[in-house]
2 protein chains.
Amino acid sequence: MNMDTKSLLIDTSTILFQQKGYKSVGLNEILKACNVTKGALYHHFPNGKEELLITCLHSLNEVIITDIEAIFSRHLSTKEATISMIDTLIHQFEKDGTITGYTFSSIVSEMATMSEPVRNACGALYENIQNIYCKKLQADGFSNESATSIALFMTASIEGAMMLCLTQKSADPLKTIASLLPNLLNSLQ
Amino acid sequence: MNMDTKSLLIDTSTILFQQKGYKSVGLNEILKACNVTKGALYHHFPNGKEELLITCLHSLNEVIITDIEAIFSRHLSTKEATISMIDTLIHQFEKDGTITGYTFSSIVSEMATMSEPVRNACGALYENIQNIYCKKLQADGFSNESATSIALFMTASIEGAMMLCLTQKSADPLKTIASLLPNLLNSLQ
DNA sequence: CCTAACATACCAACTGGTCTGTTTCTATTA
DNA sequence: TAATAGAAACAGACCAGTTGGTATGTTAGG
């Protein structure tokens, strides 16, 4: 089984979907970007575009979890790990103008109310991210309950900050979040 | 000058754009929802769909600012006002399953990198929201600088929480944010 | 030789947008 | 006040381009 074409399709369209959303990206655009024909696409994804998107979300899930987990195991406290993670986001944003590989807000807001499978895939992704935060917070000494709350708070504020970065064409919102989050962690410990 | 048709178009498509994003909403869908013809639409919006969207964003701006300002003038402290505001969002979400009139994340994430005019309109909207928070925080005694930071933090976490609500089909994320924000405000005062 | 992995022509449905009417309102003038 | 001119407010047919998807091929590898 030759996975190269399939992987190429997934990797390319993951980026495109993240940058532009679902409807904005046409099959022809994906095909051209991959230099692949429609026959090949429908061979690997018989159910078409939405199946491709969901596969992309699963793939993205693995990438994000791996990356964040690596950062979080590299640092002692949640505080340090979070700052390091946001730093990574900031650098990518300042380099590329977008954040691929960490966010999928375009897909959430566009598809959550339209397709249950897509909504579930997105939900699982957020859940996994929150779980990493949550475990580290518990290791920091937080109670089960407050760790869950804070993890959600972190996920939300980082996701929201990325939206603000997009509209402002500046990484400042993420920087502000990074500087405030430690205070929040201290105040609740 | 008869504004009824134009207003109807703006109000209807504002909701549709908020719920589904920009590309997902077709002109025909808007036209059918309004019971208006293409001729009428292009009479009021000669530059077509994008002009309609930007007009919707401006209209949304006024609505949001008016609503939030009303809530914030009704309460003494930022803490109380914020909780009251989030309560409004929670109630709407639990009633309708969506939050129209307060968020436009679908448009931001989809269009911010595609159209400068749209990005600017979205940026202005976030800026206005933050300004309301900021002023109230200053009235609470926060310094200019920290008021700005906290206002951004509030905007981001609320916006992010709404995304989480969408994926979870539950208002819990917003509730969590509402219960944590007061702690943050206390810890920084 | 059979199946996986393509390639390509084709399709109906729909997209945003234009063009040419027609109606309705309104201001002006005889 | 009635007639009329002109503009605003539509209505609806039409269009080229694109959409996601299919059907029927061909090619290459085990």
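Only heavy atoms go into these numbers, but all of them, side chains included; no hydrogens, no water, no symmetry mates. Labels below follow one simple rule: chain letters A, B, ... track the order of the sequence lines, proteins then strands, and each chain is numbered from 1. All of these numbers come straight from a predicted model, not from anything done at the bench.
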Report the distance from atom CD of E50(B) to atom P of dT15(C), rounded to the nearest whole Å.
18 Å
If I take atom CD from residue Q138(B) and atom OG from residue S146(B), how far apart are they, to the nearest 0.5 angstrom?
8.5 Å
For D140(B) and S77(B), which I'm curious about, is there any donor-acceptor pair between the side chains at under 3.5 Å?
no
Among all residues two or more places apart in sequence or in another chain, which pass the side chain to side chain donor-acceptor pair (under 3.5 Å) test with Y102(B)?
none
Please check this pair: side chain of S115(A) against backbone of M111(A), looking for a donor-acceptor N/O pair closer than 3.5 Å.
no
Using atom OH of Y42(B) as one end and atom P of dG12(D) as the other, report the distance to the nearest whole Å.
17 Å
Between the protein and nucleotides 23-25 of chain C, which nitrogen or oxygen pairs come in under 3.5 angstrom?
none

Can a side chain N or O of T5(A) be found less than 4.0 Å away from OP1 or OP2 on dA5(C)?
no
If you take any heavy atom closer than 4.0 Å to DNA chain D, which residues from residues 16-41 of chain A end up in contact?
V25(A), G26(A), L27(A), N28(A), K38(A)
Between K136(A) and E69(A), is the closest basic N to carboxylate O distance under 4.0 Å?
no
How close or far is atom P of dG17(C) from atom CG of N47(B), stated in whole angstroms?
9 Å
Without decimals, in angstroms, what is the distance between M114(B) CE and dG16(C) P?
14 Å
Side-chain donor/acceptor of N61(A) to backbone N/O of L57(A), under 3.5 Å:
no
What's the NZ-P distance between K49(B) and dG17(C), to the nearest Å?
8 Å
Other residues, nucleotides, ligands: >12 heavy atoms within 6.0 Å of K23(A) NZ
no
Residue H43(A), side-chain atoms from C-beta onward, closest of dA4(C), dT22(D), dG17(C)
dA4(C)
Which ring-ring contact (aromatic ring centres under 6.0 Å, His included) pairs, counting each pair once, include a residue from residues 4-42 of chain A, with sequence neighbours left out?
F17(A)-Y22(A)
Gap between atom OG1 of T167(B) and atom CZ of R119(A) - 0.5 Å precision
7.5 Å
Exercise: do T100(B) and Q92(B) side chains pair donor with acceptor under 3.5 Å:
yes
Whole angstrom value for the distance that separates P of dG17(C) from NE2 of H44(B):
17 Å
Terminal axis angle for the helix from dC1(C)-dG30(D) to dA30(C)-dT1(D), five pairs an end, nearest 10 degrees
0°
Tell me the ring-ring contact (aromatic ring centres under 6.0 Å, His included) pairs involving residues 48-97 of chain B, sequence neighbours left out?
F72(B)-Y133(B)
